[in-house]
Amino acid sequence: MAITFESLDSDIAGRTGKLGAGKRIIKTPALLPVINPHLMLVTPKELRAMGVEALITNAYIFSQSRQYSERVKEEGLHKLLDFDGLIMTDSGSFQLSVYGQVSFTNKQTLSYQRDIGSDIWVPLDIPTSPDADRPTTERELAITMERLREAKELFGNDAPLAGPVQGGIFPDLRERAGKEVGDLGFSFCPIGAVVPLMESYRYRELVDVVMAAKSTIPRSACVHLFGAGHPAMFALAAAMGCDLFDSAAYALYAKDGRYLTTHGSFRIDELTDLPCACAVCRSHTAEELCTAKDRTRLLALHNLAVTLAEISRIRQAIADGTLWELVDERCRTHPQLLSGYRRLLSHAADLELYDRASKRRFFYRGDESCARTEVLRYQRQLDRLRLGKTVLVACDGKEREGYDDVLFFKPPFGPYPPALKETFPIGPAEIPPWDEAMVRQGCRGIRMLAESHKESRIMVSGLLNWEEIFTQEAGDAAELVR
Ligand code: GUN
Ligand code: ZN
């Protein structure tokens, strides 16, 4: 049965949706915990009880397992793992990238994934290192694309096949890969080989890679960010339109004695208190958790709870239209995430094409908020206002006689007609006392208004101490009146 994806609410380029594969339908964004059958800290049954609808496991590990390789063929994955949710299998690709070689062909891994009853199958793509040079990246991408073509030919368009998008660090190769994967008819597109970027906090490059891939992957396809497991970066990735994450992080961090939070991870022996509402943290003191015999398992349970809660928070933020606020909050917890966030804002013109028209609110959270999609769109649409010959922008909100039109001013958006006072974004925007960045951005709005209304004479009053900024940003397009 083919993979289906339906999107519901959207915010920035993120969306909530429903992914269907096999007999199952799950809510997205979703987290797929990684299960290694040999080292299960938390069982699939326990995951299900925590609200997990889908998990991911590795077909290569099963095929090489003395304990499970026969059983899984007889019973199938769902029975063997005792999990009735959606199960995605990865091919041996990651092992290939880590160990250099696997004894599977593309056809073999896909047949195997089918035979063990997986709901989503991944071909043997090549996860090219972000440090590979261009010729290597191109060569490996060509092999990946050939294998995706082969997969479609062998198993047909209705097989539940994932089409990984590779292309290393080169945006144009990611764009090409995204387009070709879409043209081949894949409706489920993981973005691959980003683990090394995330492991070394290269979020700026991650943003460029994901934005490039997303620009050509069909909007109707479900996008999985392969190997993304730290909850501090989910909001950033969701804002770019990533629908699925898979996490081994909950277990890997636990084994390392690390306690995940949405604002970074901590060594458990450094914590004097447990800032979390999950069952583990409410039933243990920090010291008890640190010295518990089953510490690794308890940490894994906590790490999962935090990670799942963040996914729920993201879904709610998308429904409310407050994803930018969440991204802003999460990305201030690490300098490299902040750099990724700023990079994302530099792509705001592309994101604006996806962003929704109306949201519950707009919270101004500092300079970065000036570059948000809502500001860009508002200012771009100023050319739609119908104005008379003389227009006053009354920045102090005081109406004056003698003009064809009087507009008011709300930074960082800029001028607005009284009729828009209550509508998004002007009405629901919560802004603190004016600061330089927002006034500067608002004055750019005045400039755009003036440039798109050459027949009108635009005059500005009531800017008080901000006149110098006005002069710099819009002084040659509009005139100050006192
Ligand atoms: N897991 C993490 N990254 C990748 C990738 O690029 N491809 C596959 N198949 N699995 C992965
Ligand atoms: Zn907890």
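Indexing begins at 1, ligand by ligand and atom by atom, following the structure's order. Residue numbers run from 1 in the order of the sequence given.
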Closest N/O/S atom of H302 to the Zn ion (ligand 2), by atom name? ND1
Residue [X] vicinity, atoms of ligand 1 by number, heavy atom under 4.0 Å:
X	result
V122	9 (N)
S93	8 (C), 9 (N)
P127	5 (C), 6 (O), 7 (N)

Measure the distance from [atom] to every protein heavy atom, then report the residue, atom name and distance (to 0.1 Å) of the closest one.
atom	answer
atom 7 (N) of ligand 1	D125 OD2, 2.8 Å
atom 5 (C) of ligand 1	F226 CD1, 3.5 Å
atom 6 (O) of ligand 1	A193 N, 2.8 Å
atom 11 (C) of ligand 1	D90 OD2, 3.4 Å

Backbone of [Y] reached by a side-chain donor or acceptor of [X] within 3.5 Å:
X	Y	result
D320	T322	no
E430	F363	no
R282	C276	yes
Y250	G229	no

E287 atom CD, neighbour heavy-atom count above 12 within 6.0 Å: no
Check for me whether R114 meets the cation-pi criterion with F155, that is, NZ or CZ under 6.0 Å from the six-membered ring centre and within 45 degrees of the ring axis. no
Qualifying residue for side-chain contact (heavy atoms from CB on, under 4.5 Å) with P231, from I311, L260, L308: L260
Rounded to the nearest 10°, what angle sits at the Zn ion (ligand 2) between SG of C278 and SG of C281? 110°
